[in-house]
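Encoded as structure tokens, the structure appears first; notes follow it.
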Amino acid sequence: MNAKFIYECSDCGRQIEAGDIIYLCPECSAKQLPDQPPLGILKVIYDYSALSELTFQELEESHFLQLLPVNELNSFPNLKVGNTPLYKIDSLDGKVNDFELYLKDDSQNPTFSFKDRASALVSAFAKENGISTIVAASTGNAGSSLAGICAAQGQKAVIIVPAAAPKAKLTQIMMYGATLIPVAGNYDQAFDLSIEATKQFGWYNRNTAFNPLTIEGKKTVSFELFSQLKEQIPDFIFVPVGDGVILSGVYKGFEDLLNMGIINTIPIIITVQAAGSSNLIDNIGKKEFVSTPSHTLADSISVDIPRNFKMATNYITKYFGQTVTVTDNEILKASSLLAKNTGIFTEPAAAAAFAGFLDYKNRYLIPKGSTNVVLLTGCGLKDLNAVQSLFEIPPAISPDMQSVEKYLEANSLIA
Ligand SMILES: [Zn+2]
């Protein structure tokens, strides 16, 4: 078996050999209480001192394989996962920025979301371990991602989703040939069912955080950012947060580089949650976790019990992370401003990160000359309903030039 890494428990700190497939720390998960975030989420740890002689360039040339829990690059799907564009935006609404703003556009992944980073790694690991069926509970993006990646790899995907997930995501899952199981319930119920199914049918489980490799897949975004910013770390990174797995992934990537001595500090990462689904932020530092039912149009980050609560909040505390919540109205406005100013149409969860950035900007919290990154995690075409309230598609006109002229006049495009 793979001996290049071990696991470390986020709760008790116990280190566990990476032998048989394992999801949670057995000691901590045995103490799990209902309606609480999962105990015993595992973190993958490498032998950093043995790797410390490698330069970043050498890591990059080998596609960071030394820092991934798989052995062969050809275990990954032959789709282009990651290496997404980082766009520099010089002005917003006609005003030149006095800071640097970069947008990391992860809607450019094969299934149009950031989740492909995790799916590709989980799928590669399954391939190296002779597993052919992978199951996931999902609010939509992780499921459509796993379905697409499994299609590329000739693996079977079983996706359990709340029936209320956006139609585009459900359509994607079906098109990729996965087995879709919609449940008349919420994400948390889908999550529990997928774990029962994993035990009963012996499938591999891709559930976010529950499977520690999802974080390892997601961390690659930080390696890319470091490379794209010419081996500099940004001052601020705005990350949309539901379960806290993408957030932990971003931290983990930088922490790996810190542990190898490639960087000497971690950027300030801003956790952005929807005001109607802020269970991670609201419970930081609390003795007892209390969940409030989520209500937000940003379905990808609508979460009652953040699955990676412990690890994410450990990171936020350890590396002085900041937090902000944004209303659905702010998310919609940010979505529109982003699309009109940059040509990037994101789904509401990604727009939430941009709304968090705008909130900081409006409160003069973005220092002059600072370097800022907003992580855009999914494509707007995945949830057209969410932005419908922003405009109405105009009624049809007669197909003649007179009508065109009349229409243009009415819209002040010609006098
Ligand atoms: Zn433990």
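Position 1 is the first residue of the sequence; numbering continues from there. Quick note: numbers below take in every heavy atom, side chains included, and nothing from hydrogens, waters or symmetry partners. What you see is a predicted model, and the numbers here were worked out from it, not measured in a lab. Just follow the structure's listing: the first ligand is 1, and inside any ligand the first atom is 1.
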Completion exercise
Protein N/O/S atoms closer than 2.8 Å to the Zn ion (ligand 1), ordered by chain and number, come to C9 SG, C12 SG, C25 SG, C28 SG
Handout entry: Check: Y7 ring centre within less than 6.0 Å of Y23 ring centre
Key = no
Practice task
Would you please classify the geometry between the Y46 ring and the Y48 ring as parallel, tilted or perpendicular, with 30° and 60° separating the classes?
Solution key: perpendicular
Exercise for the section: Using modelled atom types only, decide if a donor and an acceptor are shared between the side chain of S91 and the backbone of G94 within a distance under 3.5 Å. Expected result: no
Handout entry: N211 (side chain) donor-acceptor with L213 (main chain) under 3.5 angstrom
Key = yes
Handout entry: Residues in salt bridge (Lys or Arg N to Asp or Glu O under 4.0 Å) contact with E255, at least two apart in sequence or another chain
Key = K43, K318
Completion exercise
side-chain contact (heavy atoms from CB on, under 4.5 Å) with K219: of L67, T214, V250, only one passes, and it is L67
